[in-house]
Trainee: 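Before we start, here is the structure in question, set down as structure tokens.
As the structure is a prediction and not an experimental result, all values here were calculated from the model.
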Amino acid sequence: MARKESPSTGPLPGGAHLGLPTWAVEPVARVAEVFAGLAAPAEEQGCLYCYTEDEIALLRRPDVPLPDDLVGSVMREVPDHWLDQTAVLRRALPQFLALLARGEFGGFEMEGNKLIQAGFWDWPREQTEAVMGFFDVLWRAASRETPPPMDAWELLASCAVVSGSFTPWLRRWAAELGSPVADQRLCEVLERHQDRLLRDEEVCGWWATERYGPEPTAEVRDWFAVHGATVLDARGYDAWADRIRALDLPLWARPEL
């Protein structure tokens, strides 16, 4: 069903970006530059049950700001709503990343999964590098900025959905540990999600199993068993650290939840 129109706060024509935190200006501008001029094809009709003709017409026009709710909807939409899902996602993606930088979304797992469905890693290298460069900077901001642009657990899951790996993001996080902000992010994650880790639950709700195979949950659990316990020990949370250390034990031997 078509939505009521909402205002746009996304990238403006000419490369201007309003309301962005300082850390995001350069990577968002780079994405806008790389994706400039891209739009849905002229024959794109979309789903007229979910979108108005005016909204679809906007998607066919390059470099014109889109309403924010249209951006979010497009990035989450199922592929069969479009003649050319890849072109439509490329049209909305620069503005979506600007909204992420402003903290408008709590994560982007579903949207990341849609990128994979649209063959993201087969896109031109310049495009994938610009997008992954933004995620690199977003991750760094989550480790250094207060308040963070989004919850660190959601960011880890979202970045892993796109990249198909937890390894680079956990490596970046480990390099930041020892700083008060990065350590606090880790404590926040453990406070909210330790039970999921202790039960060996999956981290991602939108992992692209068909492309990447089973989610490597054990890697995340093992990382928190080491780095989580170290940070908690340093903060004097001995009992909590022992509980997290139990992630190294077989499932049956861990503390009862």
Side-chain angles (χ1 to χ4, degrees), residues 1-21 24-25 27-124 126-128 130-132 134-135 138 149-150 154 158-159 161-162 205-206 208:
M1 182 178 298
R3 297 163 311 285
K4 295 173 66 176
E5 184 174 345
S6 67
S8 168
T9 58
L12 301 177
H17 302 276
L18 300 179
L20 289 173
V25 171
V28 168
R30 175 57 181 161
V31 171
E33 176 187 12
V34 169
F35 286 81
L38 300 182
E43 63 271 18
E44 180 62 68
Q45 297 300 314
C47 171
L48 290 176
Y49 180 78
C50 297
Y51 301 92
T52 68
E53 292 184 359
D54 287 344
E55 288 175 325
I56 295 170
L58 274 177
L59 294 172
R60 295 195 296 257
R61 295 178 59 197
D63 305 325
V64 176
L66 304 171
D68 293 347
D69 66 338
L70 177 60
V71 172
S73 180
V74 163
M75 293 299 302
R76 293 186 293 269
E77 193 57 84
V78 295
D80 65 6
H81 274 46
W82 311 111
L83 293 175
D84 189 339
Q85 181 199 26
T86 298
V88 173
L89 288 179
R90 285 174 175 155
R91 171 68 177 91
L93 186 56
Q95 197 168 323
F96 175 70
L97 298 186
L99 292 169
L100 281 181
R102 295 189 188 102
E104 298 291 335
F105 292 91
F108 52 95
E109 274 197 74
M110 183 188 297
E111 297 86 349
N113 182 272
K114 301 307 177 187
L115 290 178
I116 299 305
Q117 289 180 356
F120 175 73
W121 289 109
D122 297 321
W123 294 8
E126 184 181 41
Q127 294 178 6
T128 59
V131 173
M132 296 311 294
F134 169 83
F135 291 147
L138 178 64
M150 68 179 62
E154 297 299 333
S158 300
C159 288
V161 163
V162 177
W206 290 87

Trainee: If we ignore hydrogens and angles and just use 3.5 Å, is the side chain of Glu154 paired with the main-chain N or O of Gly106 as donor and acceptor?
Mentor: no
Trainee: Rounded at 0.5 Å granularity, tell me how far CZ in Arg76 sits from CZ in Phe105.
Mentor: 5.5 Å
Trainee: Under the ring pair (Phe, Tyr, Trp, His ring centres under 6.0 Å) test, which residues partner Phe134, sequence neighbours left out?
Mentor: none
Trainee: What's the spacing between Phe135 CZ and Leu100 CG if we round to 0.5 Å?
Mentor: 6.5 Å
Trainee: Who are the side-chain hydrogen bond (donor to acceptor under 3.5 Å, both in side chains) partners of Arg60, not counting sequence neighbours?
Mentor: none
Trainee: Do you know which two heavy atoms are closest between Arg91 and Ala40, and how far apart they sit?
Mentor: CB-N, 4.3 Å
Trainee: Indicate the atoms forming the closest heavy-atom contact of Leu20 with Ala101, along with that distance.
Mentor: CD2-CB, 3.9 Å
Trainee: Going from CD1 on Ile56 to CH2 on Trp82, what distance comes out if it is rounded to the nearest 0.5 angstrom?
Mentor: 6.0 Å
Trainee: Which residues satisfy the side-chain hydrogen bond (donor to acceptor under 3.5 Å, both in side chains) test with Glu77, sequence neighbours excluded?
Mentor: Tyr51
Trainee: Tell me, do Leu89 and Phe96 make a side-chain contact under 4.5 Å, heavy atoms counted?
Mentor: no
Trainee: List in chain and number order the residues that pass side-chain hydrogen bond (donor to acceptor under 3.5 Å, both in side chains) with Trp123, two or more places apart in sequence or in another chain; answer none if no residue qualifies.
Mentor: none
Trainee: Output the distance between atom CG (Leu38) and atom CZ (Arg90), rounded to the nearest 0.5 Å.
Mentor: 7.0 Å
Trainee: Minimum heavy-atom separation for Gly37 and Asp63, please, with both atom names.
Mentor: N-OD1, 3.0 Å
Trainee: Applying salt bridge (Lys or Arg N to Asp or Glu O under 4.0 Å), name anything that partners Glu53, two or more places apart in sequence or on another chain.
Mentor: none
Trainee: Which pair of heavy atoms, one from Ala92 and one from Met75, lies closest together, and at what distance?
Mentor: CB-SD, 4.1 Å
Trainee: Is any side-chain heavy atom of Val74 less than 4.5 Å from a side-chain heavy atom of His81?
Mentor: no
Trainee: Rounded to the nearest 0.5 Å, what separation is found between the CG atom of Leu70 and the CG atom of Leu58?
Mentor: 7.0 Å
Trainee: For Arg61, which residues count as a salt bridge (Lys or Arg N to Asp or Glu O under 4.0 Å) partner, sequence neighbours excluded?
Mentor: none
Trainee: Find the distance between CG (Leu48) and CD (Glu55) and round it off to the nearest 0.5 Å.
Mentor: 10.0 Å
Trainee: Kindly write out the residues that satisfy side-chain contact (heavy atoms from CB on, under 4.5 Å) with Asp84, not counting sequence neighbours, or none if the list is empty.
Mentor: Pro41, Glu44, Thr86, Ala87
Trainee: So, do Gln127 and Leu93 sit near enough that their side-chain heavy atoms are less than 4.5 Å apart?
Mentor: no
Trainee: Taking only residues two or more places apart in sequence or in another chain, which ones pass side-chain hydrogen bond (donor to acceptor under 3.5 Å, both in side chains) with Gln45?
Mentor: none
Trainee: If the condition is ring pair (Phe, Tyr, Trp, His ring centres under 6.0 Å), which residues does Phe35 pass it with, not counting sequence neighbours?
Mentor: none
Trainee: Might you point out which heavy atoms bring Gly112 and Val161 nearest each other, and give the distance in Å?
Mentor: C-CG1, 3.8 Å
Trainee: For residues 113-120, which side-chain N or O atoms pair as donor and acceptor with protein atoms under 3.5 Å away, sequence neighbours left out?
Mentor:
unit_1, atom_1, unit_2, atom_2, d
Asn113, OD1, Gln117, NE2, 3.1
Asn113, ND2, Trp206, O, 2.9

Trainee: Is the shortest heavy-atom distance from the side chain of Asp68 to the side chain of Glu104 under 4.5 Å?
Mentor: no
